[in-house]
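Reviewing the structure listed below.
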Amino acid sequence: MGLILIRKGFASAVQDLGRFGYQRFGIIVGGVMDPPSAKLANWLVGNGESAAVIEYSFLGPSILFSEDTLFAVTGAVCHPSLDGQEIGIGRPCLAREGQILTIGGLAYGSRGYLAVSGGVNTPLWFGSRSTYERAGQGGFKGRLLEEHDRIPVGETSERAKRIIASLAEKKSVIRWFAAMRRTYQGIQVIRVLPDILWPRFSEESRHTFLNTDYQITASSDRMGYRLEGAELALDESLELYSEAVTSGSIQVPRNGKPIILMTDHQSTGGYPRIAQVASVDLPLLSQLPPRSKLRFQLISNKEAEQQLVRQTRSLELLRNMITGQLDKLTR
């Protein structure tokens, strides 16, 4: 039993929070592009936050449920429907056996998430179910999802079973919803910290980097966002060893056009790095589609830590609120 893909959407794949501890062997962390949205989807269906979900980009899949299933759609704003009836996002929903979920195009944002009670239950590879497409490993057969794929689902928890029974008995639809407070329109301010080579870039380049707009190009993907805008340059050329990189590292190749490394980034890189995106802004950045404009704002390490702590506490409050609302359903 599980999920049957009727339409694959775009770049639909099984992902979880990532594969940690293996970068020294050249194996990427990977995982979902927008962890807070994926966690939210799992909280809504009573899963642990690290359960595997289906991530899609720009166009969501259509899914046939082969059994009664508690599910939730989060992430980018869209208008999903169950058997033709719009259901909204950010709320737990009950699908009966044989019903079809159609997610369709994304209105704002570029990454969406579908979580089901029990989690997607593909085999673990190095401790994670995330798809590592370039290596052909993890996820569902190491690849993006295709039409007619049958996606296995894990055992539904007793708590989720009680929620399903309550929704089925009352024949009701949950009216409340939970969502991230984000906007994806206009010029987005992305906060950054200076990298170790920041002083080696020319004064003009440093000023330009912080005071002009950049645009995400169509050649961007899960590995990195290529930016169009003013070119950057070092004061003088340097020969660099390849060094460890991470999500949000901003590299400047020879053409001077910045590249922001994203979730599927390589484990090392040899281009000079001008800055590092603050962790708090990586989820927002992951949702920006091509042609989005952004501007960088320099902040201190202390401020970056404070903002990340604030975001973490907000997510904890959201999780507690969801837990309380779900508990009410089973009383």
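Everything numeric in this text was worked out from a predicted model, so none of it was measured. Just so it is clear, the values below take in all heavy atoms, side chains as well, and ignore hydrogens, waters and symmetry mates.
For CD1 of I196, the number of neighbouring non-hydrogen atoms (other residues, nucleotides, ligands) closer than 6.0 Å is 12 at most. Within 6.0 Å of CD in E86 there are more than 12 heavy atoms belonging to other residues, nucleotides or ligands. Shown here is R200, whose CZ atom has no more than 12 heavy atoms of other residues, nucleotides or ligands within 6.0 Å. Around atom NZ of K257, more than 12 heavy atoms belonging to other residues, nucleotides or ligands sit under 6.0 Å away. Within a 6.0 Å sphere centred on CD of E204, heavy atoms belonging to other residues, nucleotides or ligands number 12 at most. The environment of CD in E203 is sparse: at most 12 heavy-atom neighbours from other residues, nucleotides or ligands sit within 6.0 Å.
Here the shortest heavy-atom pairing between D235 and P199 reads OD2-O, 4.3 Å. Taking every heavy atom of both residues into account, Y56 and T74 meet most closely at OH-O, 4.1 Å. Considering all non-hydrogen atoms of both residues, V53 and A115 come closest at CG1-CB, 3.8 Å. Listed here is the closest heavy atom pair of L232 and P258: CD1-CG, 3.7 Å. For the pair Y132 and G26, the tightest heavy-atom approach, listed with the atom from each and the gap, is OH-O, 3.9 Å. What you find for L144 and D149 is that their closest heavy atoms are O-OD2, 4.5 Å.
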* **Check against side-chain contact (heavy atoms from CB on, under 4.5 Å), L329 and I174** => CA-CA 10 Å; L329 291 173; I174 292 175; 3.6 Å; yes
* Test side-chain contact (heavy atoms from CB on, under 4.5 Å) applied to S279 and R191, step by step -> CA-CA 9 Å; S279 296; R191 291 164 287 190; over 6 Å; no
* To do: Using the side-chain contact (heavy atoms from CB on, under 4.5 Å) rule, take I63 and T102 through it: C-alpha gap first, then chi angles, then the decisive distance, then the call.
  => CA-CA 7 Å; I63 304 282; T102 302; over 6 Å; no
* To do: In sequence, state the C-alpha distance, the side-chain angles, and the governing distance for Y184 and Y108, and then conclude on ring pair (Phe, Tyr, Trp, His ring centres under 6.0 Å).
  => CA-CA 6 Å; Y184 306 123; Y108 302 105; 7.8 Å; no
* To do: Might you work through the side-chain contact (heavy atoms from CB on, under 4.5 Å) test for V245 and R273, ending with a clear yes or no?
  => CA-CA 9 Å; V245 291; R273 301 187 303 276; 4.0 Å; yes
* Could you go step by step and tell me if K293 and D213 meet the salt bridge (Lys or Arg N to Asp or Glu O under 4.0 Å) rule? -> CA-CA 6 Å; K293 291 185 177 181; D213 299 337; 5.6 Å; no
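Connection of I250 to W198 is established within a shared hydrophobic cluster, with ILVMFWY side chains joined at heavy-atom distances below 4.5 Å, either directly or through further cluster members. Residues V29 and I27 fall into different hydrophobic clusters, defined by Ile, Leu, Val, Met, Phe, Trp and Tyr side chains chained together at heavy-atom separations under 4.5 Å. Residue V280 is not grouped with residue L285 when hydrophobic side chains (ILVMFWY) are merged at heavy-atom distances under 4.5 angstrom, including chains of intermediate members. Clustering ILVMFWY residues whenever any of their side-chain heavy atoms sit less than 4.5 angstrom apart, transitively, puts V192 in the very cluster that holds L197. By the rule that hydrophobic residues join a cluster once side-chain heavy atoms approach within less than 4.5 Å of another member, W43 and M321 end up as members of one cluster.
Remark: the backbone N or O of M223 is paired with a side-chain donor or acceptor of D221 at under 3.5 angstrom. Side chain of D281 to backbone of A278: no donor-acceptor contact under 3.5 angstrom is found. Between the side chain of Q23 and the backbone N or O of F20 there is no donor-acceptor pair closer than 3.5 Å. Side-chain atoms of N42 come within 3.5 Å of backbone N or O of A51 as a donor-acceptor pair. No donor-acceptor distance shorter than 3.5 angstrom exists from the side chain of D83 to the backbone of Q99, with no hydrogens or angles considered. Of the possible donor and acceptor atoms, none in the side chain of S166 sits under 3.5 Å from a partner among the backbone N and O of R162. With hydrogens and angles ignored, the 3.5 Å screen pairs a side-chain donor or acceptor of Y225 with a backbone N or O of S286. The backbone N or O of K8 lies less than 3.5 Å from a partner atom in the side chain of S12, making a donor-acceptor pair. No donor-acceptor pair closer than 3.5 Å links the side chain of R295 to the backbone N or O of V189. With S205 contributing its side chain and F201 its backbone, the two residues share no donor-acceptor pair below 3.5 Å.
Using a 4.5 Å heavy-atom threshold, the side chains of L70 and V116 count as separate. Side-chain contact between Y271 and V252 is absent, with no heavy atoms from C-beta onward closer than 4.5 Å. In this structure, the side chains of F65 and I100 stay at 4.5 Å or more apart for every pair of heavy atoms. A heavy-atom distance below 4.5 Å is not found between the side chains of R143 and E133. Put simply, the side chain of T217 does not reach to within 4.5 Å of the side chain of L227, judged on heavy atoms. A heavy-atom distance below 4.5 Å is found between the side chains of K328 and Q325. Between T212 and H207, the closest side-chain pair of non-hydrogen atoms is not below 4.5 Å. A heavy-atom distance below 4.5 Å is found between the side chains of L145 and I54.
Aromatic ring centres of F209 and F296: separated by under 6.0 Å.
With values rounded to the nearest 0.5 angstrom, I6 atom CD1 is found 5.0 Å from L64 atom CG. In this structure, R111 CZ and Q15 CD are separated by 10.5 Å, a value rounded to the nearest 0.5 Å. One finds the CD1 atom of I260 at 12.0 Å from the CZ atom of R226 (value rounded to the nearest 0.5 Å). With rounding to the nearest 0.5 Å, the separation of CG in L298 from CZ in R206 is 10.5 Å. Between the CG atom in L318 and the CG atom in N320 there is a gap of 9.0 Å [rounded to 0.5 Å]. Remark: S117 OG to L94 CG distance equals 9.0 Å, nearest 0.5 Å.
N121 and R129 share a donor-acceptor pair across their side chains, judged by distance under 3.5 Å alone. At a cut-off of 3.5 Å, with distance as the only test, a side-chain donor of S249 or Q276 sits close to an acceptor on the other residue. Inspection of the Q287 and D34 side chains reveals an N or O donor paired with an N or O acceptor under 3.5 Å. Using modelled atom types and a 3.5 Å distance limit, the side chains of S130 and D16 yield a donor-acceptor pair.
The pair R222-E55 meets the salt-bridge criterion, since a charged nitrogen lies less than 4.0 angstrom from a carboxylate oxygen. Here E158 pairs with K161 in a salt bridge; the nearest charged N to carboxylate O distance falls below 4.0 Å. The pair E228-R291 fails the salt-bridge criterion, with no side-chain N (NZ, NE, NH1 or NH2) lying under 4.0 Å from an Asp/Glu carboxylate O.
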